[in-house]
Amino acid sequence: MISVLEKSPTLHWLGRQLFNRDDPAAFFDPLLERINPMWVRQYTPARVKAIYNETADTKTFVLAPAGRWKGFAAGQHVNIGIDVDGVRRNRTFSLSSSPIQWRADGTVTLTIKRLPGGLVTNWMHDHLEPGAVIGLGEAFGDFQIPDPQEPALYIAGGSGITPVLSQLETMAASDYRAPVTLLYFVRTQADVIAAEKLHALASRWPAVTLKVFATSDTHPPQFLSEQHLDEVPGIAARRCYLCGPKGLMDLANDLLYRRGIGEDRIHSTFFSAPTANLDTESLGGAVHFQRSNLDVSSEGDAVLLDIAEVAKLSPRYGCRMGICHQCSCRKTSGTVINRLTGKASGPGEETIQLCVSVPSGPVSVEL
Ligand code: FES
């Protein structure tokens, strides 16, 4: 049955024509899921093998994806699809385990903090149990381990440690000998995620220096400062990796630039999309969805993905923050502004990301 769905142009066409869906799996999966959750195609099914607490508000979920999942590089993200009160929700998280673990025993981990008011994170903490099946997308993202080996500096904050854990575990297991320093900022010592794992790493991997700073445990609170960076030997030659809350990332970028460390040596991964300051007066316009033959108007800085969903279309998407490219779509005419950079597209035909593209005047897209 699965191969029929995959190979049948008729079903693909039917899915698109009847249900306005670019990916018929988005329509058929709920039906298949009722018969056997391991049959769904839009995501790879992943069974929850175990769940354990990291801190009072952070848990690690151990997942075993079905065999067709393609694997990942340390530091990458995945989208998950999860049903909350009968509605399929998609969210993006970093993998916190190493690819070496996945190759050894077929499991991966997601380390997830409850977000205040967060529908999916709270549901996962309160209701997800071992034995359940969730959907796992293919991995994406270019937050990568230095290659060839270079001295590295990681600056992480809170749950921004998750992709860093994956990378450090991988580097430790691959005999990474260049010096690596992690400066990890948390609110209090009780908020340190994976404390045991970090201590174990430090004791078995001589190239790494781990420093944890509990910002609220001191008076005044100790945020990242010049002094922290002064204590990193040979910092000018290090490749820098940042992951954490926006305030920490902005501060780290600023301090590193001031030391002459160029943009090309600073790599960041985000919790949420940074947004450019847009002049909303000049934004919005008539949007024509070609395949669906729908015309809608938009105002302000609404992105095409939101506009399409309000028009009851169901374009494919993943992260909704410009990282995964799952929402890429052909624009046939008109100008859009990239919400992340503030840059305008050309007026002609090109591929755009619906989740970060804001119409600036009339726009036509193949959807
Ligand atoms: S949904 Fe990920 S880039 Fe648009």
Side-chain angles (χ1 to χ4, degrees), residues 16 20-27 29 41-44 69-70 72-73 75-82 84 87-95 110 112 115 118-121 134-144 160 162-163 243 246 249 267-276 278 283 287 289 291-292 296 298 300-332 334-345 349-360 363-367:
R16 272 177 40 185
N20 278 329
R21 291 182 189 274
D22 201 37
D23 179 2
F27 170 72
D29 275 355
R41 302 304 293 171
Q42 195 180 21
Y43 283 102
T44 297
W69 194 65
K70 297 194 181 86
F72 67 108
Q76 287 195 302
H77 313 283
V78 284
N79 293 319
I80 65 164
I82 203 159
V84 178
V87 179
R88 174 55 58 111
R89 308 281 177 179
N90 303 284
R91 292 293 185 276
T92 302
F93 297 105
S94 303
L95 289 151
L110 297 174
I112 298 176
L115 296 177
L119 186 71
V120 172
T121 58
I134 67 169
L136 192 70
E138 292 302 336
F140 61 88
D142 52 10
F143 192 68
Q144 303 271 336
T162 53
C243 188
K246 188 172 179 327
M249 309 263 284
H267 308 269
S268 305
T269 189
F270 294 96
F271 284 179
S272 57
T275 44
L278 302 180
L283 299 177
V287 180
F289 294 109
R291 269 207 308 262
S292 321
V296 293
S298 75
D301 62 354
V303 292
L304 283 166
L305 181 57
D306 291 337
I307 297 167
E309 288 176 338
V310 168
K312 303 266 188 286
L313 301 181
S314 303
R316 180 183 267 270
Y317 68 85
C319 64
R320 301 187 85 107
M321 55 184 180
I323 302 174
C324 70
H325 290 263
Q326 288 199 43
C327 64
S328 291
C329 180
R330 207 74 191 145
K331 165 175 76 67
T332 50
T335 300
V336 293
I337 307 294
N338 184 313
R339 200 192 231 179
L340 306 182
T341 62
K343 287 196 182 135
S345 71
E349 193 169 335
E350 63 188 318
T351 299
I352 56 167
Q353 290 161 278
L354 295 174
C355 70
V356 292
S357 295
V358 181
S360 176
V363 171
S364 182
V365 289
E366 278 183 3
L367 193 66

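Since the model is a prediction, treat every value here as computed from it, not as a measurement. Whatever order the structure lists them in is the order used to number ligands and atoms, beginning at 1.
- Defined by atom type and a distance below 3.5 Å, a donor-acceptor pair is present between the side-chain atoms of S364 and T332.
- At distances below 3.5 Å, not a single donor-acceptor pair connects side-chain atoms of R339 with backbone N or O atoms of V358.
- Atoms NE2 and CZ, from H77 and R91 in turn, are 15.5 Å apart once rounded to the nearest 0.5 Å.
- Within the 3.5 Å criterion, the main-chain N or O of C243 finds no donor-acceptor partner in the side chain of T269.
- Between the side chain of Q76 and the main chain of G141, a donor-acceptor pair closer than 3.5 Å is present.
- To the nearest 0.5 Å, atoms CG (L136) and CD1 (I82) are separated by 10.5 Å.
- Listed by chain and residue number, the protein N/O/S atoms under 2.8 Å of atom 2 (Fe) of ligand 1 are C319 SG, C324 SG, with waters left out.
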